[in-house]
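So the structure is just underneath, and the comments pick up after that.
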2 protein chains.
Amino acid sequence: MATSTLGFALLGLLARKPRTGYDLTQAMRQPIGYFWSASHSQVYPELAKLEAAGYVNHSVIDGPGPRDTKRYTISAAGRHILAEWAAKPAAPATARDEFLLKIYSLWLVEPARARELIRAQRAAHQAQLEHYEQIAREVESEQIDRLRDPTTPEFSSYATLRRGLSFERHARDWCEWLLGALAADPEPARSADSPG
Amino acid sequence: MATSTLGFALLGLLARKPRTGYDLTQAMRQPIGYFWSASHSQVYPELAKLEAAGYVNHSVIDGPGPRDTKRYTISAAGRHILAEWAAKPAAPATARDEFLLKIYSLWLVEPARARELIRAQRAAHQAQLEHYEQIAREVESEQIDRLRDPTTPEFSSYATLRRGLSFERHARDWCEWLLGALAADPEPARSADSPG
DNA sequence: TAGCACATGTAACTCGTTACATGATTTG
DNA sequence: CAAATCATGTAACGAGTTACATGTGCTA
């Protein structure tokens, strides 16, 4: 009964603090959602599997709705397999970038439309970069000490944040380069009509 | 009968030149494989769907084995939907980076083992970077003219290559930063023993 | 009182991976 | 002659998305 990657994502969250399935689903949008995602329909069955394997436990707390509200806690065994999994090299990821796939066929698109597409993508990267920069300012001012200690969860979170910052910068800059390459727009056949 | 992303990957390859299902499967490892991948068991059924939709045609050519060898060619309709798809913004991709997920739980790993993990990752990025640099040198010396014209397939391929170069550099540099952060290794409890 | 946040589940479907299956041609 | 390459398919399974289903408590 091997734990799935999603299981390790959930354990990674529960290793920081106990949460409900609902909380975990929310967390799969924002902190962890930057590098792994899942919907609630995946989370609840996965929690059941983790509990069957002895990696988490739950206690019933008061809450709304027709069913029990369950707060999940990681077990010692859960913490242990999580640490073991984290220390082993990740399997080479199969890249899936739909945007790059579009770029691969961009030569079929009129340069004007292509520029529109890239501008939108650049804006998206810029916005995400600013979002990360905001978070970075906050954690850097509030948790300076813990960010330096690699045995704190804050260190790990900060490391992933730095990666996000770096990624968005490189992606934005590449869009910038591509816009420049599209703007040059030599179109040899019409060179007599072009202004520059 | 909406064409899947894999379908557009295959059309993107066929828009450059006709190929067999086998050729396409190989291409899903190397040129396109850098940002999209698929195994032959996905490729063959997808080709049948594309043909049913009128986006590709095949002709039987001589070849080995118990079944016909088919060479697929993109149709005018196929070229058209491919260009339309490429011009429209990509749906925000759900990030799935198992390595970053491990980093998120790296605080549970002994710093010595953590450094080992990051060093291996850095080496992988460095190797991939050098591979891309080799390809870049080749295409830059052989196809300088076409690389400047955004209506050539060479331009599109080169744009994705530049993205690969930029990505690997940023990823390697981030590993470098993380190694530095792990090497500092303050371990406050032992501060009396530490040199700094 | 309408809508949203909280809270948990199942079902149907699509996408992707791994394994099963066959067989000719070329190269060592 | 053994192994790799060329070449095409199907089947079983797992992972992920979307839709279905239910119901409370708070706020506008």
Side-chain angles (χ1 to χ4, degrees), chain A residues 1-10 18-30 32-33 35-53 56 58-72 90-98 101, chain B residues 1-10 18-30 32-33 35-53 56 58-72 90-98 101:
Chain A
M1 196 206 284
T3 303
S4 69
T5 307
L6 171 60
F8 289 115
L10 298 178
R19 294 173 214 238
T20 66
Y22 186 87
D23 291 337
L24 289 165
T25 302
Q26 299 308 110
M28 292 308 294
R29 295 183 175 280
Q30 275 289 319
I32 272 206
F35 39 91
W36 205 266
S37 62
S39 52
H40 79 274
S41 65
Q42 261 190 297
V43 168
Y44 291 110
E46 188 64 34
L47 281 170
K49 281 183 202 166
L50 289 173
E51 184 152 45
V56 301
H58 82 262
S59 59
V60 175
I61 58 174
D62 64 317
R67 276 173 288 267
D68 283 344
T69 294
K70 303 171 186 173
R71 172 182 283 127
Y72 286 88
T94 47
R96 296 204 178 278
D97 191 324
E98 197 185 348
L101 205 53
Chain B
M1 194 207 285
T3 303
S4 69
T5 307
L6 171 60
F8 289 115
L10 299 178
R19 295 172 212 238
T20 66
Y22 186 87
D23 291 338
L24 289 165
T25 303
Q26 299 309 108
M28 292 309 292
R29 295 184 174 279
Q30 275 289 317
I32 272 205
F35 40 90
W36 205 267
S37 62
S39 51
H40 78 274
S41 65
Q42 261 189 299
V43 168
Y44 291 110
E46 188 64 35
L47 281 170
K49 282 183 202 166
L50 289 173
E51 184 152 46
V56 301
H58 82 261
S59 58
V60 175
I61 59 174
D62 64 317
R67 275 172 289 266
D68 283 345
T69 294
K70 303 170 185 173
R71 172 183 284 127
Y72 286 88
T94 49
R96 295 203 179 279
D97 191 325
E98 197 185 348
L101 206 54

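Hydrogens, waters and symmetry mates are skipped; everything else that's a heavy atom, side chains included, is used. Naming: A, B, ... by sequence-line order, numbering from 1 per chain.
Whole-Å rounding puts the A:Arg67 CZ to C:dG9 C1' distance at 4 Å. The separation between A:Arg19 atom CZ and C:dA7 atom P is 13 Å, rounded to whole Å. Here D:dC6 presents its P atom at 9 Å from CG of B:Asp23, a figure rounded to the nearest Å. Atom pair B:Leu47:CG and D:dG9:P shows a separation of 9 Å (rounding to whole Å applied). C:dT8 atom P lies 16 Å from atom CD of A:Glu46, rounded to whole Å. When the P atom of C:dG16 is taken as reference, atom CD of B:Glu98 falls 18 Å away, rounded to whole Å. Taking atom CD1 of residue B:Ile61 and atom C1' of nucleotide C:dA24, one finds them 14 Å apart after rounding to whole Å. Atoms CE (B:Met28) and P (C:dG16) sit 9 Å apart, rounded to a whole Å.
The shortest side-chain heavy-atom distance between A:Asp23 and A:Pro18 does not fall under the 4.5 Å cut-off.
Although no hydrogens or angles enter the test, the distance criterion places no donor-acceptor pair under 3.5 Å between the side chain of A:Ser37 and the main chain of A:Gly33.
Residues B:Gln42 and B:Pro45 approach most closely at O-CD, 3.4 Å, considering heavy atoms. The minimum heavy-atom distance between A:Thr69 and A:Pro64, with the atom names listed, is OG1-O, 4.0 Å.
Within the model, atoms CD of B:Glu46 and CZ of B:Phe8 stand 9.5 Å from one another, a figure rounded to the nearest 0.5 Å. Going from atom CG of A:Leu47 over to atom NE2 of A:His40 covers 12.5 Å, rounded to the nearest 0.5 Å.
Looking at residues two or more places apart in sequence or on another chain, you find a ring pair (Phe, Tyr, Trp, His ring centres under 6.0 Å) between B:Phe35 and A:Tyr104. Contacts of A:Ser59 classified as side-chain hydrogen bond (donor to acceptor under 3.5 Å, both in side chains), with partners at least two apart in sequence or in another chain: none. With sequence neighbours excluded, no residue satisfies side-chain hydrogen bond (donor to acceptor under 3.5 Å, both in side chains) with B:Gln26.
Put simply, A:Tyr22 has a side-chain N or O that comes within less than 4.0 Å of OP1 or OP2 on C:dC6. Considering only side-chain N and O atoms, A:Tyr44 lies under 4.0 angstrom from the phosphate OP1 or OP2 of C:dT8.
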Please evaluate residues B:Leu10 and B:Val56 with respect to the criterion side chain to side chain contact (heavy atoms under 4.5 Å, CB included), reporting the C-alpha separation (whole Å), side-chain torsions for both, the decisive distance (0.1 Å), and the verdict. CA-CA 10 Å; B:Leu10 299 178; B:Val56 301; over 6 Å; no
Test side chain to side chain contact (heavy atoms under 4.5 Å, CB included) on B:Tyr72 and B:Glu51; report intermediate values, then the result. CA-CA 9 Å; B:Tyr72 286 88; B:Glu51 184 152 46; 3.8 Å; yes
Could you list all N or O pairs between the protein and nucleotides 24-28 of chain D that sit under 3.5 Å apart?
residue: D:dT24; atom: O4'; partner: A:Gly65; partner atom: N; Å: 3.1

Expected string for nucleotides 13-19 of chain D under the B/S/- scheme (protein heavy atoms, under 4.0 Å, primed atoms plus P, OP1, OP2 as sugar-phosphate) is --SSBBB
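For the helix from C:dT1-D:dA28 to C:dG28-D:dC1, the end axes, each set by the C1' atoms of five terminal pairs, are bent relative to each other by 30° (nearest 10°).
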